[in-house]
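Atom set for the values below is all heavy atoms of this structure, side chains included, hydrogens, waters and symmetry mates excluded. Note on naming: letters A, B, ... go to the chains in the order of the sequence lines (proteins, then strands), and numbering restarts at 1 for each one. Treat the numbers as computed from the prediction; the structure is a model and nothing was measured.
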Amino acid sequence: MNNRLLDKLNQEQLQAVTLPSVAALILAGAGSGKTRVLTTRIAWLISTGQVGPQGIMAVTFTNKAAKEMQTRLGAMLPMEFERSTRSMWIGTFHGLCNRLLRAHYKDAGLPQLFQILDSADQLSAIKRLLKTLNVDDEKFPPRELMYFINSAKDQGLRPHEVDAWDDFTRKRVELYTEYDRQCQREGVVDFAELLLRSYELLQNNEAIRAHYQRRFSHILVDEFQDTNRLQYRWLKLLAGGGAAMFAVGDDDQSIYRFRGAEIGNMRDFEREFKVDNIIRLEQNYRSQGNILNAANAVIKNNTERLGKNLWTDRGEGEPIRVYESSDDIEEARFVVDEIRALTQDGTSRSQIALLYRSNAQSRVLEHQLFSNGIPYRVYGGLRFFERQEVKHALAYLRLIANPHDDTAFTRVINFPPRGIGARSQEQLQDAAKANQCSLYAAAPLTPGKAGQTVANFLRLIDQLRFACEGLTLPEIVEQVLELSTLRTHYASEKEGQDRIANLDELINAAANFIAEEGYTQDMPSSEVASSTNTPDADTPNTNTTIASTTTATTPQIDINDVTVSAPTSAPDALSTFLAHASLEAGEHQAEQNQEAVQLMTVHSAKGLEFDVVFLGGLEEGLFPHENSLNDKGGLEEERRLMYVAITRARDRLYLSFSQQRMLHGQTRYNIRSRFLEEVPEDLLKWLTPQRKSYGFGEFGSFSRASNAPNAAPPSSFGSSGPRNSLGGLRIGQSVVHARFGQGVIVSAEGSGNDARVQVNFGREGMKWLALSVAKLTPA
DNA sequence: GTCAATGATATTTTT
DNA sequence: TATCATTGAC
């Protein structure tokens, strides 16, 4: 490896990269060069001969991160190794588990061509289950049940291991059992199952476990703070043979607790792996001092931290700009005005990000940007493989690979409409249930007229499979679009042009998949076989035609006196492509408008950086979100979110909040976020008259900048004189209460002695107060 | 069996 | 305010 790569590192980075081969935990703050450390570490291990490429496993959470690591590594390693990056196991948890299960599907108890359910598929599978079992979906909402099942799996719990302490939970456990049974019958696997299944594979099969434990002497994990219980156990199992685990993460940036992430894993890792080497990367190369100090000040309010303080040598930079607006529209106007000024001064639009807590907030911003002709791009919409037309096409493809895939079957049995309505489908379901078989298999057993119409559909499936034999993948997709009449169906729809374009894009995607990386990457490798023969047996299979499902006899291979069934022949390109489609839903949006302002939630901004960041909606109830205020953990996670948001900014940060905001078609009155209060005053520059602290306990004194209750921004329209007068108080008015502190009047009723007002006290919640009793003074 | 209207419902998101 | 899902009418 090029030694200059090491020269570029700072002291701590260098130390981390060149750590001995034992367990290590790298606490990498935002912008501290985490990815660089991770990739350089791998390059260093390989080029110093400590390990061969096949001994490396690197796990990430997103495909994007995996790809980036792969690319960077390719550039770092000298030619002789570059080719072998392919034999490294670099990928997402799910991608790697998929690889493992494909290679050992038999031992994992799966059909060779098992399909992967994405969350939408999973939800419809659950709905279908509830229907066949005649379960009241009012009592057991499918979404809630899905969450229940997934969180059990995320913790590594099979139904019998779940603690059921009441009837309700017992019933849910029972449904969990049935759900798993259904999946097994259909030969499909959901995301969580991918992990759990491969965990169990390793745990129950000593030969396989020993093989991989021996193979991977170095396991590197990115974003370790986001691992869930099961992922941690999976890693622990794999590393059980003495592999050196190199975990990189930042507990302050853990923002996925709601989907099972356990920060506790960091502490457990430290303890269970007897980690002596904790290295803190605290030098931030991204943000200016004021921004960093603000972030530090906010996160300091969290307890339960591993501890870390970012610093920079970039200088203080500009103060953080704070803006208070009367309503959300005005806030958006302000943002747009600033953007105009910024771009006029030469700031690139793509270097400006508008961040918000929840997606609903993007609308006002979009509207304002749009009417001012400023190009923008919103992240987080529907992704390519999630579009309905694409999902329909994929369902047909899945039926070619496996006609017993009931999820795919129900998706397209009547799409495009072919006269198989709810009634017929019900009969089909019944027949399938009675015979304990797939819908496909049940069709011939279905009585009456329903059986007839369904038979036609079966013929279509068979016809598809027949027509596709021997074709290349893109040709198959093409065939399917024609024979299923999907294309003609959308052609006759008024808004169908975009959809057809997407279907064409699917053909493209298939072609690319074959031509480029995809296919070779996800190829199951002849793992077990390889260890006894050539060291690098992950030979890409370039066979692009559908092999008519060959039930290859599994050769028995002897490893250290243990007989393990070797992976069978590669499944066909179609199945691999389908797995790819589930695992990698595709880029958020195709149009990469380069010069556009970037809009996204704080969550999706993680890992990104921008010269200028606007963070809006800093209001109690919104950020921190009201749903997360119930427990302390929720609030701390919100604070980490705030931390992530702040640290996205390189040079300039705007924080804004609004007294009034439209939410779900109703006007809400809010007080400013406690997180804003947590930023030291001397880092701020108020662009609107400032009302100092709120009555949050420790802040004793109240002061105000202007007598105007609303401190309306100078430019503003809107709330001028007091309307709805109630003894000097009005809706939207900020008030102070001796016990509850600062609040905003949200609504009022009654008059005279009966007059009551509803006040939003933020942290203290919403209260109805009688004016004759409560002492409310204008703030 | 299909279509239109109504009504509930509403963080955050990757795989 | 929008979306979605389910209901009710043809």
Taking B:dT12 as the reference, what is the distance to C:dA5 when you measure between their C1' atoms (whole Å, please)? 23 Å
When you check the phosphate oxygens OP1 and OP2 of B:dT13, does a side-chain N or O of A:R383 lie under 4.0 Å from one of them? no
Under 4.0 angstrom, heavy atoms only, what part of the nucleic acid is A:D190 near: base, sugar-phosphate, or nothing? nothing
So, the side chain of A:T485 versus the backbone of A:T488: is there a donor-acceptor pair under 3.5 Å, distance only? no
Kindly state whether the pair A:H625 / B:dT11 counts as stacked, where counting means centroids closer than 5.5 Å and planes tilted less than 30° apart. yes
Identify whether any heavy atom of A:N359 sits under 4.0 Å from a base atom; if not, whether one sits that close to sugar-phosphate; answer base, sugar-phosphate or nothing. sugar-phosphate
Is the shortest heavy-atom distance from the side chain of A:E223 to the side chain of A:K34 under 4.5 Å? yes
Can you tell me if A:S604 touches the phosphate of B:dT13, counting only side-chain N or O atoms and a distance under 4.0 Å to OP1 or OP2? yes
Whichever of A:S119 and A:H664 has the more 5' nearest nucleotide on DNA chain B, that residue is A:H664
Under 4.0 angstrom between A:N63 side-chain N/O and B:dT14 OP1 or OP2: no
Please check this pair: side chain of A:D154 against backbone of A:L230, looking for a donor-acceptor N/O pair closer than 3.5 Å. no
Could you tell me whether A:F258 contacts a base, only the sugar-phosphate backbone, or nothing, with contacts defined as non-hydrogen atoms closer than 4.0 Å? base
Pairing residues for A:Y232 by the ring-ring contact (aromatic ring centres under 6.0 Å, His included) criterion, not counting sequence neighbours: none
Rounded to whole Å, CZ of A:F224 lies from P of B:dT14 at a distance of 22 Å
Under 4.0 Å from OP1 or OP2 of B:dT14: is there any side-chain N or O of A:T92 that close? no
Whole-Å distance, A:Q361 CD to B:dA10 P, equals 18 Å
Touch class at under 4.0 angstrom, heavy-atom based, for A:E638 against every strand present: base
Here the ring-ring contact (aromatic ring centres under 6.0 Å, His included) pairs for residues 626-645 of chain A, sequence neighbours left out, are none
In whole Å, I'd like the distance from the OH atom of A:Y256 to the C1' atom of B:dT14. 7 Å
Do the ring planes of A:Y256 and A:H603 sit parallel (below 30°), tilted (30 to 60°) or perpendicular (above 60°)? tilted
Have a look at A:R357 and say if it touches a base, only the backbone sugar-phosphate, or nothing, with a 4.0 Å heavy-atom cut-off. base
Show the distances under 3.5 angstrom between N or O atoms of the protein and N or O atoms of nucleotides 2-8 of chain B.
{"residue": "B:dT2", "atom": "OP2", "partner": "A:N414", "partner atom": "ND2", "Å": "3.4"}

